[in-house]
Amino acid sequence: MNTWIKVSERLPEFNNLFSENEYNKIMTTDEVLVQTANGNMYVAHCRHNHYKKYTGDEYFWYFRNNMESRFQIRNVVAWMELPERIEVE
């Protein structure tokens, strides 16, 4: 059973390389269910920007709508793994 994990405790695994060059490395997570501070929920992924020549890293949450447009989500407080999909015959 999936349970909520606070983002202050842990983020999902960053296992997808989005891009890398001499200045930064950008990794993303698989999609997870997230909840914001005001209670909204989204299926989203987290993006980690690691700057090689500067201090500090950045983390952003994004979801896609039905038109495949990407939107940033602010104030994500918790996340959980998505359940397995059911097989439909």
Side-chain angles (χ1 to χ4, degrees):
M1 183 171 163
N2 295 340
T3 58
W4 288 106
I5 301 167
K6 293 180 180 179
V7 297
S8 60
E9 295 173 6
R10 181 167 64 92
L11 292 171
E13 292 283 325
F14 291 91
N15 50 10
N16 306 311
L17 178 62
F18 183 77
S19 72
E20 184 172 17
N21 59 40
E22 63 183 288
Y23 302 106
N24 65 12
K25 180 177 183 179
I26 301 172
M27 301 285 292
T28 62
T29 65
D30 291 335
E31 287 188 325
V32 294
L33 181 63
V34 300
Q35 182 174 324
T36 61
N38 64 1
N40 291 335
M41 290 188 226
Y42 304 91
V43 173
H45 71 274
C46 189
R47 176 175 165 162
H48 173 210
N49 294 355
H50 170 69
Y51 298 101
K52 296 177 180 178
K53 296 189 176 191
Y54 308 101
T55 58
D57 289 10
E58 294 180 315
Y59 297 89
F60 302 97
W61 291 92
Y62 294 100
F63 80 97
R64 293 189 185 279
N65 67 6
N66 292 339
M67 301 299 290
E68 291 298 311
S69 296
R70 187 176 75 165
F71 296 94
Q72 187 175 354
I73 307 167
R74 299 193 185 274
N75 301 319
V76 173
V77 295
W79 65 275
M80 74 165 59
E81 299 278 337
L82 292 175
E84 296 290 324
R85 292 187 182 268
I86 189 170
E87 288 190 33
V88 180
E89 297 179 17

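The residues of the chain are indexed from 1 along the displayed sequence.
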>> Give me the atom names and distance for the closest heavy-atom approach of Leu82 to Leu33.
In response: CD2-N, 3.8 Å
> Among His45, Met27, Arg47, His50, which one satisfies side-chain contact (heavy atoms from CB on, under 4.5 Å) with Phe14?
Replying inline: Met27
>> Nearest 0.5 Å, please: how far is CZ in Arg74 from CG in Asn40?
In response: 14.5 Å
> Between Phe63 and Val43, which heavy-atom pair has the shortest distance, and what is it?
Replying inline: CB-O, 3.3 Å
> Does Val76 share a hydrophobic cluster with Phe60, counting links as ILVMFWY side-chain heavy atoms below 4.5 Å and allowing steps through other members?
Replying inline: no
> What closest approach, in Å, do Ile73 and Ala44 show between heavy atoms, and which atom pair accounts for it?
Replying inline: CD1-CB, 3.6 Å
>> Can a donor-acceptor pair be found, under 3.5 Å and without considering hydrogens, that links the side chain of Lys52 to the backbone of Asn21?
In response: yes
>> Apply side-chain contact (heavy atoms from CB on, under 4.5 Å) to residues Tyr42 and Thr36 and explain how you reach the verdict.
In response: CA-CA 9 Å; Tyr42 304 91; Thr36 61; 3.9 Å; yes
>> Any heavy-atom pair between the side chains of Lys25 and Leu17 that's under 4.5 Å?
In response: yes
>> Other members of the hydrophobic cluster containing Val88, with the 4.5 Å side-chain heavy-atom rule, please.
In response: Ile86
>> Assigning hydrophobic clusters by single linkage (Ile, Leu, Val, Met, Phe, Trp, Tyr; side-chain heavy-atom cutoff under 4.5 Å), is Val77 placed with Tyr62?
In response: no
> In this structure, are over 12 heavy atoms from other groups packed under 6.0 Å from Glu13 atom CD?
Replying inline: no
> CG of Asn75 to CG of Asn38: how many Å apart, nearest 0.5 Å?
Replying inline: 7.5 Å
> Do Val32 and Trp61 have side-chain heavy atoms sitting under 4.5 Å apart?
Replying inline: yes
> Run the salt bridge (Lys or Arg N to Asp or Glu O under 4.0 Å) check on Glu31 and Arg64 step by step: do they pass?
Replying inline: CA-CA 10 Å; Glu31 287 188 325; Arg64 293 189 185 279; over 6 Å; no
> Minimum heavy-atom separation for Arg10 to Trp79, with atom names?
Replying inline: O-NE1, 2.8 Å
> Side chain of Asn2, backbone of Met80: donor and acceptor closer than 3.5 Å?
Replying inline: no
> What are the two closest heavy atoms between Asn16 and Asp30, and how far apart are they?
Replying inline: ND2-OD1, 3.1 Å
